[in-house]
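As structure tokens, the structure follows; a few thoughts come after it.
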Amino acid sequence: MRTLTTDVLVIGGGATGAGALRDLSLRGIRSALVEKGDLTHGTTGRYHGLLHSGGRYVVKDPQSAEECARENEILRKIMPHCIEETGGLFVVTPADDESYAERFIAACRRTGVWVEEIPVREALRREPLLNPRIQRAFAVRDGAADSFLATHANADDARRHGAQVMTYHRVTRLERVGDRIVGALCEDLRSGETVRIHAGFIINATGAWAGKIAAMAGLRINVVPGKGTMIAMNHRIVNTVVNRCKMPSDGDIIVPIHTVAVLGTTDIPVPDPDVYDITPEEVRLILEEGECLIPGVSRMRALRAWAGVRPLYKDQDAGNDRDIPRTYKLLDHETRDGVSGMVSIVGGKWTTYRLMAEHTVNLVAQRLGVTTPCRTADLTIEPSHDGAAAAPRAPARSQFAILASPFYMLGHRLAEVEADDSYGDLICECELVTRAHLEAAIRSDGTANLDDLRRDTRLGMGPCQGGFCTYRAAAIWHELRDGATHTVGAPPATALLRHFLQERWKGVTPTLWGDQLRQERLDELNYLETLAVDRLPEATLDAIEQPRDVVIEEVV
């Protein structure tokens with residue numbers, strides 16, 4: 001058993017956990033973070049990528065709207081390389097209540113959310129595919145955010161200030177002495193080793209899983225996992241975030257993010273954040289609602305569907321999930337439950353992660369007697385490659401092109417490929433991932449499987465969904481990783497290959513019609529008839545972290 005000692009242990013490697021780790025390290029507090037998967041493996045890596053202006057909440061949840069409006073400006077300042085300035089529109093479609101628009105404007109004024117009404121012809125000039133029958137249009141300061149890049153940037157900055165990040169470490173027990181929590185036992189999912197971490201304080205930043213962690217200490221947190229399903233279209237059908245001007249509901253937003261546009265979302269309570277499905281009815285509903293914004297969108301090519309779970313905190317009666325406030329809640333278990341040594345941060349959204357972290361660390365610092373103020377609203381997070389070059393122990397993962405570039409657009413990589421004349425080294429043609437990109441990612445300390453490579457490089461996220469690049473990536477993995485460790489035979493690479501294909505298949509299945517159906521049939525022929533994946537030697541999946549992916553029982 002390995003033993004570590006730290007001042008603060010952060011549980012959860014999403015946006016809030018990484019943000020709290022950076023805040024702690026900037027205040028000089030010794031800290032470590034554990035995450036049972038890869039960074040952004042949970043809700044942070046499964047949202048639509050919206051940088052909220054606050055407009056969605058101005059009428060129903062003004063506190064959340066005010067928080068989003070303030071944090072929107074701060075995040076643009078401190079991490080410009082993670083934000084795309086798409087701008088946003090709220091439009092009144094023929095299916096919407098016209099009277100809501102006046103309530104929307106008045107609520108924007110009250111909450112400080114910037115808004116400007118623009119002529120309909122101007123909205124249509126900006127977005128030619130927009131419904132020509134819209135009646136009014138309002139510009140807001142929505143944007144697109146790369147949650148993968150932002151979380152890694154926070155974690156890397158924390159590392160540069162002395163923090164420790166431990167991915168694929170699952171908490172198996174919280175250690176409690178009397179009425180105080182003093183540490184945690186973790187399992188290293190890659191080696192099987194048990195790690196005991198003594199901590200002066202623990203921050204439970206596990207989002208929808210906060211109730212499960214708290215239960216290990218005999219504490220109860222009423223988190224309602226709210227499933228949100230989204231659909232990625234195969235290109236940017238809009239370049240502006242487009243919302244319907246109405247009370248928030250299912251399928252009323254389209255977010256352009258990198259090379260695709262995301263339609264969403266739904267809001268359905270699920271009993272367990274680890275097990276949920278995507279139903280054909282949800283997919284149908286999102287596409288039907290999308291028709292109100294972009295006529296014909298339901299006939300366009302959809303790449304895949306996926307879902308994430310919101311960590312909604314329910315401390316009062318609410319009619320349904322959408323009645324639960326979207327603001328965050330900091331639970332001080334000492335004053336709330338009489339158990340010291342741990343706080344839990346629940347609720348909120350990606351746009352307010354920094355504020356949530358600041359609020360949490362303020363309390364922890366006070367308990368530890370640290371008076372250094374928070375600086376995360378003022379200090380720019382440098383792109384990871386700069387810090388990686390300066391820090392000799394920084395992981396190779398910080399050197400990926402996607403992490404080292406400004407906000408990623410496909411044109412960046414095209415320029416690199418043209419400059420380097422590296423067409424022959426392309427591994428993923430859809431996302432222009434070269435062998436050099438992939439090798440840097442594979443050599444990273446934190447990468448455990450091909451799905452991690454996907455988050456790092458966008459491997460397999462294009463129209464073919466890994467149809468041609470997966471086996472190439474698995475072979476390179478085998479060459480670099482298994483060969484280096486003298487692993488006998490190819491079964492580990494085979495396990496990685498099958499695991500990745502299965503994960504892609506889950507998301508593609510709900511969108512099998514038209515061109516995507518034809519694409520999937522081609523992929524099937526490649527892998528089964530040509531490569532005989534189903535006849536490869538059996539391989540264990542023990543070394544592969546099993547992600548919390550959706551169970552698509554009803555679709556399959």
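Throughout, numbering of the chain's residues begins at 1 and tracks the sequence. Any value given below was found using the heavy atoms of this structure, including those in side chains, with hydrogens, waters and symmetry copies removed. Because the structure is predicted, anything quoted here is derived from the model rather than measured.
Under the side chain to side chain donor-acceptor pair (under 3.5 Å) criterion, Tyr47 pairs with no residue at all, not counting sequence neighbours. With sequence neighbours excluded, the residues satisfying side-chain contact (heavy atoms from CB on, under 4.5 Å) with Ala65 are Tyr57, Val58, Thr111, Val113. For Glu117, the side chain to side chain donor-acceptor pair (under 3.5 Å) partners at least two apart in sequence or on another chain are Arg136. Legend: residues meeting side chain to side chain donor-acceptor pair (under 3.5 Å) with Glu524, ordered by chain and number and at least two apart, are Arg521. Remark: Arg518 engages Asp515 in a salt bridge (charged side-chain N to carboxylate O under 4.0 Å, His left out) (not counting sequence neighbours). Residues passing the side-chain contact (heavy atoms from CB on, under 4.5 Å) test with Glu85 are Arg76, sequence neighbours excluded. For the ring pair (Phe, Tyr, Trp, His ring centres under 6.0 Å) test, residues two or more places apart in sequence or in another chain that qualify with His359 are Tyr328. Judged as a side chain to side chain donor-acceptor pair (under 3.5 Å), and not counting sequence neighbours, the contacts of Asp157 are Arg22, Arg160.
In summary, the side chains of Thr265 and His48 do not present any donor paired with an acceptor at a separation below 3.5 Å, with no hydrogens or angles considered. For the residue pair Trp114/Asn72, the side-chain donor-acceptor check at 3.5 Å is not satisfied. No side-chain donor-acceptor contact under 3.5 Å links Gln516 and Glu520.
The closest donor-acceptor contact from the side chain of Thr167 to the backbone of Leu39 lies at 3.5 Å or more, if one exists at all.
Counting only residues at least two apart or in different chains, salt bridge (charged side-chain N to carboxylate O under 4.0 Å, His left out) contacts with residues 345-354 comprise Glu71-Arg354, Arg354-Glu358. A salt bridge (charged side-chain N to carboxylate O under 4.0 Å, His left out) check over residues 285-303, counting only residues at least two apart or in different chains, returns the pairs Arg244-Glu289. Every pair passing ring-ring contact (aromatic ring centres under 6.0 Å, His included) that includes a residue from residues 91-111 is listed here, sequence neighbours excluded: Phe90-Phe104, Phe104-Phe138.
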Result block: side-chain N/O donor-acceptor pairs under 3.5 angstrom for residues 462-470, not counting sequence neighbours:
| residue | atom | partner | partner atom | Å |
| --- | --- | --- | --- | --- |
| Gln465 | OE1 | Arg304 | NH1 | 2.7 |
| Gln465 | OE1 | Arg504 | NH1 | 3.1 |
| Gln465 | NE2 | Met461 | O | 3.4 |
| Gln465 | NE2 | Gly462 | O | 2.9 |
| Thr470 | OG1 | Gly466 | O | 2.5 |

Step-by-step salt bridge (charged side-chain N to carboxylate O under 4.0 Å, His left out) determination, Asp272 to Lys212 = CA-CA 10 Å; Asp272 190 314; Lys212 291 189 175 186; 3.2 Å; yes
ask   = Is there a salt bridge (charged side-chain N to carboxylate O under 4.0 Å, His left out) between Asp252 and Lys246 once you walk through the steps?
value = CA-CA 9 Å; Asp252 58 358; Lys246 55 181 286 193; 5.4 Å; no
task = Show the numbers, then the answer: is there a side chain to side chain donor-acceptor pair (under 3.5 Å) between Thr93 and Asp96?
result = CA-CA 5 Å; Thr93 76; Asp96 300 327; 2.9 Å; yes
key: Stepwise side chain to side chain donor-acceptor pair (under 3.5 Å) test for Thr447 and Asp452   = CA-CA 6 Å; Thr447 304; Asp452 291 350; 5.4 Å; no
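Side-chain contact between Val92 and Cys245: present, with at least one pair of heavy atoms (C-beta onward) separated by less than 4.5 Å.
The OG1 atom of Thr16 sits 12.5 Å away from atom CG of Leu21, with the distance rounded to the nearest 0.5 Å.
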